[in-house]
Each structure stands twice: as structure tokens, then as C-alpha cells.
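Along the sequence shown, residues carry numbers from 1. What you see below is based on every heavy atom in this structure, not just the backbone, and it leaves out hydrogens, waters and symmetry mates.
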Amino acid sequence: MTDHDDFDQEPIRGLPELLPEGEEILWQGSPDWWALTKESLSVRGVALYFGLLFGWQTVSAAADVPWATALAQSSFYLVLGAVTCAILAAIGWCQAKAAIYTITNRRVILRIGAALTMTLQFPFRWIAAADLTTRKDGTGTIALRTLGETRFSYLMIWPHLRPWRFTPTQPALRAIPKAAEVARLLAEAAQADLSMPQVTSAPVAPTPDTGAMPVPAE
């Protein structure tokens with residue numbers, strides 16, 4: 001068997017195509033896998049649930065059998081909880097490994113999806129605001145409030161979104177390290193880009209051919 005990387009065809013890591021002239025990458029990063037697992041999959045809550053089941057079953061069984069026997073009989077819940085948490089951790093690791101967030105001087109790009117890969121691109125003029133939430137360890141989430149009528153499926157872009165925001169959903173750079181610094185960089189890049197005038201090409205109206213050469217104005 002040969003190793004295969006689904007992202008071998010990316011001209012630049014995390015990007016579907018080369019950047020146009022004048023655009024440059026300011027920052028790239030991925031979610032912290034453990035922070036993403038805790039936030040999006042509630043692994044600590046699951047562990048607590050199975051711990052409570054173990055304790056309740058142990059106390060209930062101890063009314064009829066010795067404590068050592070009750071603990072042994074209830075250990076099934078600890079094993080089941082450990083297996084469940086391990087599966088959730090594996091899912092969180094895969095989601096974090098597959099995701100690459102990119103900020104350029106023109107837009108935000110999210111390459112996401114462990115099973116079904118997709119790329120979302122948000123020019124700064126499409127972003128109404130960006131909301132930052134941080135945690136004690138410095139990781140945090142930058143949620144994008146987008147303009148226009150485009151809506152994103154909650155399930156399709158999960159977990160790379162602001163939780164519990166359905167109408168509309170808010171794509172997000174989720175559980176990234178040093179989130180405050182990244183948010184500051186994003187704000188500065190967006191402000192610089194939006195302050196630049198937008199130059200567009202306008203069609204030139206045809207002029208009648210009189211056969212005379214134009215005379216420069218004095």
C-alpha cells in the first residue's frame with residue numbers, strides 16, 4: 001500500500017488555488033484538538049455522566065453485596081465511559097487535523113471537514129463583525145457574522161461554527177491558540193482592506209469616427 005494525502009493537490013497548504021497578485025497570507029492555523037474536543041464534543045460532561053453512573057450503581061449494589069464486589073460489578077460503566085471518551089477524542093483530533101484556517105490581507109478562508117472536505121471563503125466586505133470568545137488557556141473562537149443572503153448548514157460545517165446559533169449560523173475559527181492575537185490581526189487586516197477604494201473597470205462609450213485627429217486641450 002502507498003500513503004495517500006487528500007490534500008496533495010493543494011497549491012498552497014489549506015488553499016484550493018494560488019492567491020491572486022497582491023494577496024498574501026498573514027496567518028494560518030488549526031484548532032487545538034483537545035480544546036476543540038472539550039468544547040464541541042463535551043467530553044468532560046460525558047466522563048462525568050459515566051462517573052455518576054458508576055457511583056450510583058456501586059452504592060446500589062453495595063446494599064446487597066460487599067463493597068469490593070459492588071465496585072467490580074460497576075466497573076463496566078468506567079470501561080464504557082473510557083471507550084466513549086476515547087472515541088470522542090479521536091473524532092476531535094481528526095476534525096482539528098483536517099482543518100486549516102487562513103487569514104490573508106483580503107479574506108478569511110476555512111478548509112474544513114475530516115470526511116467531506118470543503119473550503120469556505122469570506123472576503124472582508126462580506127463580514128459584518130467578528131466575535132471573540134476566549135478561555136483561560138488562551139484558546140478561543142472567532143465567530144464571523146456574515147452579510148448577504150447566503151446561509152450555511154449547521155451540520156455541514158460543524159464543529160467550525162459558533163455553537164447554538166442556527167439562524168443564521170456563524171462560521172468560526174474554532175478553539176485556536178492565542179485567539180486574542182489572531183483576532184487583533186484579523187481586525188487590522190480587515191480595516192486596512194476596507195479602507196482601500198474599490199477600483200472597477202467601466203465600459204468606454206464608443207465615439208463617432210469623424211476622421212479627424214484629436215486635438216489636445218490647451
Can you tell me how far CZ of Phe124 sits from CG of Leu186, rounded to the nearest 0.5 angstrom? 5.5 Å

What's the shortest heavy-atom distance between Cys94 and Ala114, and which atoms? O-CB, 3.9 Å

What's the separation between atom CZ in Arg174 and atom CD in Gln95, rounded to the nearest 0.5 Å? 11.0 Å

Is the shortest side-chain heavy-atom distance between Pro16 and Gln121 below 4.5 Å? yes

Shortest non-hydrogen separation from Ala130 to Leu144 and the atoms involved: CB-CD2, 4.1 Å

Is any side-chain heavy atom of Gln170 closer than 4.5 Å to one of Thr146? no

Are the side chains of Pro171 and Leu161 in touch, meaning some heavy atoms are under 4.5 Å apart? no

Nearest heavy-atom neighbours spanning Leu147 and Ala128: CD2-CB, 3.4 Å

Taking the side chain as every heavy atom from C-beta outward, state whether Asp131 and Arg145 have any pair of such atoms under 4.5 Å apart. yes

Report yes or no: do Leu36 and Val182 belong to one cluster of Ile/Leu/Val/Met/Phe/Trp/Tyr joined by side chain heavy-atom distances under 4.5 Å? no

Minimum heavy-atom distance Leu132-Ala183, with the two atoms named: CD2-CB, 3.9 Å

Going through the distances and angles, do Leu15 and Thr102 end up as a side chain to side chain contact (heavy atoms under 4.5 Å, CB included)? CA-CA 8 Å; Leu15 303 181; Thr102 304; 3.8 Å; yes

Are Tyr49 and Val43 connected, step by step, through hydrophobic side chains (Ile, Leu, Val, Met, Phe, Trp, Tyr) whose heavy atoms are closer than 4.5 Å? yes

I would like to know whether Gln191 and Glu188 meet side chain to side chain contact (heavy atoms under 4.5 Å, CB included); could you show each step before the answer? CA-CA 5 Å; Gln191 184 176 12; Glu188 293 173 354; 5.7 Å; no

Between Thr141 and Ala175 (side chain of the first, backbone of the second, donor and acceptor by atom type, cut-off under 3.5 Å), is there such a pair? yes

Any sub-3.5 Å donor-acceptor pair from Arg151's side-chain atoms to Thr167's backbone N or O? no

Would the distance check show the side chain of Asp137 and the main-chain N or O of Ala35 forming a donor-acceptor pair, the cut-off being under 3.5 Å? no

d(Thr139 OG1, Lys178 NZ) to nearest 0.5 Å is 13.0 Å

Let me know which of Leu80, Val79, Leu78 forms a side chain to side chain contact (heavy atoms under 4.5 Å, CB included) with Phe76. Leu80

Starting from Ile87, can I reach Trp158 by hopping between I/L/V/M/F/W/Y residues whose side chains sit under 4.5 Å apart? yes

Might you point out which heavy atoms bring Asn105 and Gly22 nearest each other, and give the distance in Å? ND2-O, 3.0 Å

Heavy-atom closest pair, residues Pro177 and Asp32: CD-N, 4.3 Å

Any donor-acceptor N/O pair, Ser42 side chain to Gly45 backbone, under 3.5 Å: no

How about CH2 on Trp93, more than 12 heavy atoms from neighbouring residues, nucleotides or ligands closer than 6.0 Å, or not? no

Is it true that Glu24 and Arg106 have a side-chain N and a carboxylate O under 4.0 angstrom from each other? no

Going through the checks in order, is the side chain to side chain contact (heavy atoms under 4.5 Å, CB included) test met by Arg107 and Glu23? CA-CA 9 Å; Arg107 54 185 161 161; Glu23 185 173 6; 2.7 Å; yes

Under 3.5 Å donor-acceptor, Ser30 side chain and Ala99 backbone: yes

With heavy-atom distances below 4.5 Å as the criterion, would you say the side chains of Gln73 and Val65 are in contact? yes

Taking the side chain as C-beta and beyond, is there a heavy-atom pair between Leu18 and Ile12 under 4.5 Å? yes

Would a hydrophobic clustering, with Ile, Leu, Val, Met, Phe, Trp and Tyr connected at side-chain separations under 4.5 Å, put Leu155 with Trp164? no

Is it true that Phe122 and Phe152 have ring centroids separated by less than 6.0 Å? yes

Do the non-hydrogen side-chain atoms of Trp27 and Leu173 ever get within less than 4.5 Å of each other? yes

Hey, what do you get for CD1 (Ile91) to CG (Leu88), rounding to the nearest 0.5 Å? 5.5 Å

Between Ser74 (side chain only) and Leu71 (backbone N and O only), is there a donor and an acceptor less than 3.5 Å apart? no

Atom pair CE (Met156) and CG (Leu120), whose distance is rounded to the nearest 0.5 Å: 9.0 Å

dist His160:NE2 -> Ile112:CD1 (nearest 0.5 Å) comes out at 5.0 Å

Go through the steps to decide whether Trp67 and Thr58 satisfy the test side chain to side chain contact (heavy atoms under 4.5 Å, CB included), and finish with yes or no. CA-CA 8 Å; Trp67 276 98; Thr58 299; 3.7 Å; yes

In this structure, is the centre-to-centre distance between the rings of Tyr154 and Phe166 below 6.0 Å? yes

Identified side chain to side chain contact (heavy atoms under 4.5 Å, CB included) counterpart of Ile103 within the set Leu185, Ile109, Ile25: Leu185

Do the non-hydrogen side-chain atoms of Arg184 and Glu181 ever get within less than 4.5 Å of each other? yes

